Colleague: 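Supplied in structure tokens, the structure appears directly below.
Computed from a prediction, not measured in an experiment: that's the story for all the values here. In each ligand, atom 1 is the first atom listed, and ligand 1 is the first ligand listed.
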Amino acid sequence: MKSRERPEGPTTRKWQRQALGAVLIAALAALVAVGLWKTSQPPPRPHYVVLVEQPRGIMGTSCSLTALAADEETAGRALKEAESALREVEARMSSWLADSEIGRLNTAPAGEQVPLSAATVDVLQAAHKAATDTQGAFDVTIGPLINTWKQAGKAGKLPAEQDLTRARAASSWRLIELRAGGAVKKADTARVDLGGIAKGFGIDRALAAMKREGAIGGLVDVGGDLRCFGQAPDGASWAVDVRDPFGDGNLAELQVREAAVCTSGNYARYVEIGGKRYSHIIDPRTGWPAETAPCVTVIAAQTITADIWATALSVLGERGLNLLPPGVEAMVVLGRPADHRLLYTPGFEAMLKGPAPAGVVLGRERSGPPVSQPSPRP
Ligand code: AMP
Ligand code: MG
């Protein structure tokens with residue numbers, strides 16, 4: 001065998017090489033053919049189902065939930081869990097509900113420890129930190145001021161100066177002590193209002209629930225504040241409209257992949273006294289409704305962050321843009337309808353789809369349609 005193998009060896013190997021060469025060429029040709037065939041075919045569409053639901057009675061506003069998943073059952077579960085996450089946050093944190101945790105804290109006497117869930121303590125801690133980060137512009141202890149302005153709106157009369165002074169004195173973090181598992185008030189009159197943060201937290205919780213249930217993409221929108229992730233229904237990024245605060249149309253359209261977008265403004269919620277609109281956002285430093293920025297839109301990774309900064313920038317205006325943490329982008333409308341300015345951070349501008357409205361990008365002028373014109377869509 002050995003002797004036969006020796007002479008045949010090279011021949012066999014040569015044949016093998018030739019045969020192998022032919023096979024390789026054939027395989028390559030086949031691959032090229034498959035490649036050519038593939039490029040001429042549309043890419044295979046990933047299979048997923050999209051479910052949309054608009055549950056009612058959530059946080060006193062509209063709600064729209066979208067879930068994408070491999071099958072209907074998973075998408076349905078994602079929607080159900082997202083909805084119950086939102087309802088749970090509202091039940092715990094609404095200051096409108098007397099038997100919520102915050103409702104009970106607000107009516108508790110000074111010195112009594114009110115038990116709070118871990119979620120409510122987390123939100124209060126985030127709010128406490130935000131008071132420092134925003135130099136006092138975001139302050140959830142302004143419950144007494146909020147109530148004073150609510151009553152003023154109902155009576156159609158500006159609050160008396162001494163009522164405002166009293167409410168300002170009662171609105172302070174010095175009067176709320178956070179403890180593990182609860183909080184203690186140091187004055188009977190202290191009140192907490194999580195209206196500027198709990199919705200953002202709830203949206204984050206709802207989105208986390210969708211992911212946990214196996215959704216491959218989703219969007220949670222509560223009253224225009226929203227967060228999206230993963231696969232969008234049309235396969236591309238999620239499109240988000242930014243409303244024009246002075247007109248009926250949209251100011252701009254954003255294209256985002258994984259982000260939270262929150263808008264604060266006095267065009268939707270305000271009280272009218274003596275023919276003048278007063279914002280529902282209060283400047284904690286003066287006790288008066290904020291007037292600087294009628295509309296602010298903030299983009300951040302988490303909704304709780306975007307929610308906080310949209311409210312804070314409504315108070316701080318242009319100056320607040322310097323305080324924004326890394327990764328938080330904003331657009332601020334300053335002034336009145338007839339005499340307004342638009343400012344945005346470069347990161348915000350980068351997420352605009354189509355022509356950007358006229359404004360200033362951190363000191364850089366740019367042209368575009370005026371603010372009250374709806375943006376043409378490409
Ligand atoms: P948003 O619409 O998210 O800006 O939240 C506004 C709500 O937050 C108001 O209706 C109040 O409940 C509350 N709020 C008002 N002013 C402030 C403030 N300066 N800091 C924190 N929360 C505020
Ligand atoms: Mg908000």
Side-chain angles (χ1 to χ4, degrees), residues 59-63 86 89-90 93-97 100 102-103 106 123-153 164 167-168 171-173 176 190-204 220-227 242-243 245 260-271 277-300 302-317 320 323 328 330-333:
M59 300 187 177
T61 185
S62 60
C63 176
L86 288 169
V89 169
E90 182 178 16
M93 301 181 203
S94 171
S95 50
W96 296 87
L97 305 172
S100 73
I102 294 301
N106 283 345
V123 172
L124 284 167
Q125 272 165 351
H128 193 207
K129 181 179 178 297
T132 313
D133 294 347
T134 64
Q135 299 186 346
F138 187 86
D139 188 345
V140 300
T141 70
I142 55 161
L145 280 167
I146 301 273
N147 290 341
T148 303
W149 281 99
K150 255 185 216 157
Q151 280 159 17
L164 270 183
R168 275 184 69 191
S171 300
S172 168
W173 267 109
I176 310 275
R191 299 277 183 283
V192 166
D193 184 318
L194 299 184
I197 187 170
K199 197 208 284 178
F201 177 80
I203 293 172
D204 287 336
V220 180
D221 177 333
V222 184
D225 289 344
L226 59 91
R227 183 169 166 188
V242 180
R243 257 194 66 179
V261 184
C262 289
T263 298
S264 284
N266 62 7
Y267 56 89
R269 286 168 63 204
Y270 54 88
V271 293
R277 280 186 186 190
Y278 291 90
S279 174
H280 66 296
I281 297 170
I282 306 292
D283 184 340
R285 301 159 306 178
T286 62
W288 280 74
E291 286 209 314
T292 329
C295 180
V296 176
T297 299
V298 174
I299 308 173
Q302 290 193 308
T303 331
I304 191 170
T305 314
D307 202 8
I308 289 169
W309 281 99
T311 308
L313 290 181
S314 301
V315 172
L316 295 166
L323 303 178
V328 180
M331 181 181 74
V332 178
V333 180

Colleague: If you look at every heavy atom in Ser264 and Thr311, which pair is closest and at what distance?
Modeller: OG-N, 3.4 Å
Colleague: Considering only non-hydrogen protein atoms, determine which one is nearest to atom 11 (C) of ligand 1 and report residue, atom name and distance to 0.1 Å.
Modeller: Ile146 CD1, 3.5 Å
Colleague: With sequence neighbours excluded, give me every ring pair (Phe, Tyr, Trp, His ring centres under 6.0 Å) pair touching residues 129-152.
Modeller: Trp149-Tyr278, Trp149-Trp288
Colleague: With backbone taken as N, CA, C and O and side chain as the heavy atoms from C-beta onward, which portion of Asp193 lies under 4.0 Å from ligand 1: side chain, backbone, both, or neither?
Modeller: side chain
Colleague: Quick check on contacts: which atoms of ligand 1 are under 4.0 angstrom from a heavy atom of Ala137?
Modeller: 18 (C), 19 (N), 20 (N)
Colleague: Is any N or O atom of Thr263, backbone or side chain, closer than 3.5 Å to an N or O atom of ligand 1?
Modeller: no
Colleague: Are Thr292 and Val315 packed together at the side-chain level, in the sense that at least one heavy-atom pair is separated by less than 4.5 angstrom?
Modeller: no
Colleague: Taking atom NZ of Lys129 as the centre, report whether more than 12 heavy atoms of other residues, nucleotides or ligands fall under 6.0 Å from it.
Modeller: no
Colleague: Considering non-hydrogen atoms of the protein only, which is the closest contact for atom 18 (C) of ligand 1, and what is the distance?
Modeller: Ile142 CD1, 3.6 Å
Colleague: Which atoms of ligand 1 sit under 4.0 Å from any heavy atom of Asp307?
Modeller: 3 (O)
Colleague: Students should be able to answer this: which protein heavy-atom is nearest to atom 16 (N) of ligand 1, and at what distance?
Modeller: Ile282 N, 3.0 Å
Colleague: Using only atom types and a distance under 3.5 Å, with no angle test, would you say the side chain of Arg191 pairs donor to acceptor with the backbone of Asn106?
Modeller: yes
Colleague: To which protein heavy atom is atom 10 (O) of ligand 1 closest, and what is the distance rounded to 0.1 Å?
Modeller: Arg269 NH2, 2.9 Å
Colleague: So, is Asp307 placed with an N/O/S atom under 2.8 Å from the Mg ion (ligand 2), counting both backbone and side chain?
Modeller: yes
Colleague: Starting from atom 2 (O) of ligand 1, what is the nearest protein heavy atom, named by residue and atom, and what distance separates them?
Modeller: His280 NE2, 3.2 Å
Colleague: Could you tell me if Thr263 and Thr297 have a donor-acceptor pair between their side chains, going purely by distance under 3.5 Å?
Modeller: yes
Colleague: Going by the order shown, which atoms of ligand 1 are within less than 4.0 Å of some heavy atom of Pro284?
Modeller: 19 (N)
Colleague: Does the Ser94 side chain pair with the main chain of Glu90, one donor and one acceptor, at a distance under 3.5 Å?
Modeller: no
Colleague: Evaluating non-hydrogen atoms only, which member of Ala290, Ser314, Gly195 is closest to atom 7 (C) of ligand 1?
Modeller: Gly195
Colleague: Which pair of non-hydrogen atoms, one from Asp139 and one from Gly136, has the smallest distance, and what is that distance?
Modeller: CB-O, 4.1 Å
Colleague: Does any N or O atom in Asp139 lie less than 3.5 angstrom from one in ligand 1, N or O only?
Modeller: yes
Colleague: Around atom 8 (O) of ligand 1, find the nearest protein heavy atom and jot down its residue, atom name and distance.
Modeller: Gly196 N, 3.0 Å
Colleague: Is it true that Asp204 and Arg227 make a salt bridge, defined as a side-chain N closer than 4.0 Å to a carboxylate O?
Modeller: yes
